[in-house]
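One structure below.
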Amino acid sequence: MIEYSSPNTNKPLHLGHIRNNLLGFSVARILEACGHEVIKVNLVNDRGIHICKSMVAWQKWGENKTPEDLGVKGDKLVGDFYVKFDQQYKAQIAELMKEGMTEEEAKNKAPLIEEAREMLRKWENRDASVLELWEKMNQWVYDGFDVTYKTLGIEFDKIYYESETYKKGKSIVLDSLEKGLLIKKEDNSVWADLTNDKLDEKILLRSDGTSVYMTQDLGTAVQRFEEYDIDQHVYVVGNEQDYHFKVLSLILQKMGYQWASQLFHLSYGMVELPSGKMKSREGTVVDADDLVETMIQTAADVSTESGKLSGLDKTEIETINKMVALGALKYFMLKVDPKKNMLFNPAESIDFNGNTGPFIQYTHARIRSLLRKAGVENSLPAFDDTLELAQKELELIKTMAQLPEVIDEAGKNMNPGSIANYLYDLVKVFNQFYHEHSVVNEPDESKRNLRLNLSHQTGKIIKHGMWLLGIDVPERM
RNA sequence: GGUCCCGUAGCUCAACUGGAUAGAGCAACAGCCUUCUAAGCUGUAGGUUCCAGGUUCGAGUCCUGGCGGGAUCACCA
């Protein structure tokens with residue numbers, strides 16, 4: 001089982017989520033190619049104080065307008081009200097501090113935050129009107145996310161909601177407490193003692209009995225191992241949560257779950273901007289939808305300029321532009337070793353030349369064009385395998401032969417980058433071969449047949465390799 | 001401060017987990033389109049692999065100590 005994406009429902013998806021989604025989806029395909037049965041899951045964080053903030057703000061200032069009324073995506077609308085809440089909340093804090101409160105007091109006493117807390121309490125008590133609002137706004141967000149997932153080509157086999165799993169966590173914590181595996185403090189809060197593992201104590205239930213983040217993750221893990229017969233669980237989550245997952249696994253071991261050692265945190269680095277880390281509060285976030293849209297526009301500009309798609313009908317052109325744009329974006333993010341932080345420069349956007357997705361897609365389009373021209377798309381001619389090979393032909397064959405090993409390695413390390421870089425090498429060798437030797441125009445028929453077969457085979461590997469990265473390849477571009 | 005991750009060409013990244021002369025792309029410069037797609041191909045230039053020790057026949061890779069960058073150490077998620 002592999003979990004990725006795991007969004008909060010109070011803000012739209014951004015560049016960081018893109019890396020997460022692409023990584024998770026690609027690793028899932030690679031593991032499948034390595035012979036594993038893979039279940040792709042998403043865990044939606046749909047409850048908590050942050051969602052209540054958006055709800056409060058929308059109630060106050062939303063004028064009952066739906067995403068449809070305003071013509072915006074639902075996740076954007078909810079995100080806007082989250083920001084609105086934060087702004088007004090800050091204003092209230094400033095006001096209260098002017099009246100003499102300390103910052104901490106003001107943060108606690110601001111009317112807005114009290115309203116949000118009140119809403120959370122009502123939610124936990126199943127208050128009908130709050131639940132209705134919560135369901136309505138969450139649905140807006142899901143509709144918005146679905147659009148983004150669809151353009152990115154990301155899919156899941158199952159979606160978990162924290163609102164449905166958080167109680168499980170509480171009950172297993174109480175069980176373990178009864179067995180004496182956890183400790184209860186005077187104020188009734190429940191803790192795991194990890195001091196033997198050189199870590200601190202970790203809270204699992206607040207003094208009022210409510211659960212924290214860790215509690216929910218304990219619950220969902222147990223639930224999944226009960227529901228499915230899984231031998232490994234992969235969490236695709238940023239490296240800022242390294243500590244969290246270390247602790248998660250330790251606590252589960254402490255609770256006596258045999259499978260606790262089968263949890264694997266696929267920890268990936270942050271996506272940084274030239275200005276540093278993305279901060280939603282400072283408005284330096286690169287929005288996922290906006291980014292894809294810009295990329296598609298760039299791809300359209302490039303293809304219009306080259307004139308290579310002229311003559312095709314409009315929808316076909318749009319399909320290819322989108323394919324190329326996403327190819328550029330996905331390849332850009334996946335060729336880098338997951339554990340490393342990476343830099344994204346919006347000003348320079350993403351290249352279409354060199355070690356890029358479009359270069360590989362282009363080579364595929366070229367190969368398909370060759371086969372079309374030769375009229376052998378469906379039936380390849382037989383070839384003589386005793387022919388003496390030219391140097392580039394031999395090199396090409398050798399590179400193709402590495403494929404199984406490369407996939408195996410990518411699976412072992414859960415690193416799509418190995419495949420990306422391999423494809424680049426392969427494509428480079430093919431282009432050299434293509435440049436040095438005629439294929440369709442080769443007069444010697446036995447050589448021509450051999451080269452057609454080599455080209456066809458290279459095309460197949462490119463297509464398959466790119467598929468493992470979640471990237472489509474065009475027939476022409 | 002404790003813990004974890006990272007540091008390779010001006011920039012973005014590789015280097016099969018310890019092997020031979022550290023490789024690509026971008027940017028720069030010089031070439032190649034009346035012949036299968038120039039989103040391509042060829043060449044030039046660019047390196048004390050952060051520093052200092054150590055282990056080894058052999059270190060970008062392993063160990064120790066520094067320096068620099070990032071993350072994390074909540075009754076937030």
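Just so we're on the same page: letters track the sequence lines, and every chain starts at 1.
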Using a 4.0 Å cut-off on protein heavy atoms (strictly under), produce a 5'-to-3' string for nucleotides 69-77 of chain B with B for base contact, S for backbone-only sugar-phosphate contact, and - for none.
-> -SSSS-BSB
A correct 5'-to-3' footprint of nucleotides 15-24 of chain B, with B, S and - meaning base, sugar-phosphate only and no protein heavy atom under 4.0 Å, is --B------S
Would you please name every residue forming a side chain to side chain donor-acceptor pair (under 3.5 Å) with A/Gln241, sequence neighbours left out?
->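 A/Tyr213.
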Set of side-chain contact (heavy atoms from CB on, under 4.5 Å) partners for [X], sequence neighbours left out:
X: A/Ile296; value: A/Val292, A/Lys322, A/Ala325
X: A/Asp351; value: A/Thr356
X: A/Ala374; value: A/Val376, A/Val440, A/Arg448, A/Leu452
X: A/Pro443; value: none

Once you round it to whole Å, what is the distance between [atom2] of [N] and [atom1] of [X]?
X: A/Phe352; N: B/G40; atom1: CZ; atom2: P; result: 12 Å
X: A/Tyr362; N: B/G25; atom1: OH; atom2: P; result: 16 Å
X: A/Phe430; N: B/C41; atom1: CZ; atom2: P; result: 11 Å
X: A/Tyr331; N: B/G25; atom1: OH; atom2: P; result: 12 Å
X: A/Arg19; N: B/C13; atom1: CZ; atom2: P; result: 9 Å
X: A/Ile350; N: B/C11; atom1: CD1; atom2: C1'; result: 15 Å
X: A/Asp425; N: B/C13; atom1: CG; atom2: C1'; result: 13 Å
X: A/Leu423; N: B/A14; atom1: CG; atom2: P; result: 15 Å

Do we see a donor-acceptor contact under 3.5 Å between the side chains of A/Asn45 and A/His50?
->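 Yes, because at least one side-chain N or O of A/Asn45 sits under 3.5 Å from a partner of the opposite role on A/His50.
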Any side-chain donor-acceptor pair under 3.5 Å between A/Asn188 and A/Ser207?
-> no
How many angstroms lie between CE in A/Met270 and CZ in A/Arg19, if you round to the nearest 0.5 Å?
-> 8.0 Å
Quick one: list whatever passes ring pair (Phe, Tyr, Trp, His ring centres under 6.0 Å) with A/Phe433, sequence neighbours left out.
-> A/Phe430, A/His437
Ring pair (Phe, Tyr, Trp, His ring centres under 6.0 Å) involving A/Tyr235 - partner list, sequence neighbours excluded |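 Partners of A/Tyr235 under the ring pair (Phe, Tyr, Trp, His ring centres under 6.0 Å) test: A/His233, A/Phe245.
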Restricting to pairs with a member in residues 328-342 of chain A, which pass salt bridge (charged side-chain N to carboxylate O under 4.0 Å, His left out), not counting sequence neighbours?
->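 Output for this query lists A/Asp337-A/Lys339.
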Is B/U44 syn or is it anti, if syn means the base angle is within 90 degrees of 0?
-> anti
What's the base orientation of B/C33: syn (chi within 90° of 0) or anti?
-> syn
Parallel, tilted or perpendicular: ring planes of A/Phe344 versus A/Phe332, cut at 30 and 60 degrees | perpendicular
Under 4.0 Å between any heavy atoms, over every strand shown, what does A/Ala365 touch: base, sugar-phosphate, or nothing? Just pick one.
-> base
Within a reach of under 6.0 Å around CD of A/Glu445, are more than 12 heavy atoms found that belong to other residues, nucleotides or ligands?
->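 Incorrect, the count does not exceed 12.
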Are there more than 12 heavy atoms of other residues, nucleotides or ligands under 6.0 Å from atom NZ of A/Lys460?
->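 Open: at most 12 neighbouring heavy atoms sit under 6.0 Å from NZ of A/Lys460.
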What's touching nucleotides 26-36 of chain B from the protein side, N or O pairs under 3.5 Å?
residue : atom : partner  : partner atom : Å
B/U35   : O2'  : A/Asn441 : ND2          : 3.2
B/C36   : O4'  : A/Asn441 : ND2          : 3.3
B/C36   : O3'  : A/Lys373 : NZ           : 3.2
B/C36   : O2   : A/Val439 : N            : 3.1
B/C36   : O2   : A/Val440 : N            : 2.8
B/C36   : N3   : A/Val439 : N            : 3.0
B/C36   : N4   : A/Tyr434 : O            : 2.4
B/C36   : N4   : A/His437 : O            : 2.6

Within residues 447-469 of chain A, residues whose heavy atoms come under 4.0 Å of RNA chain B = none
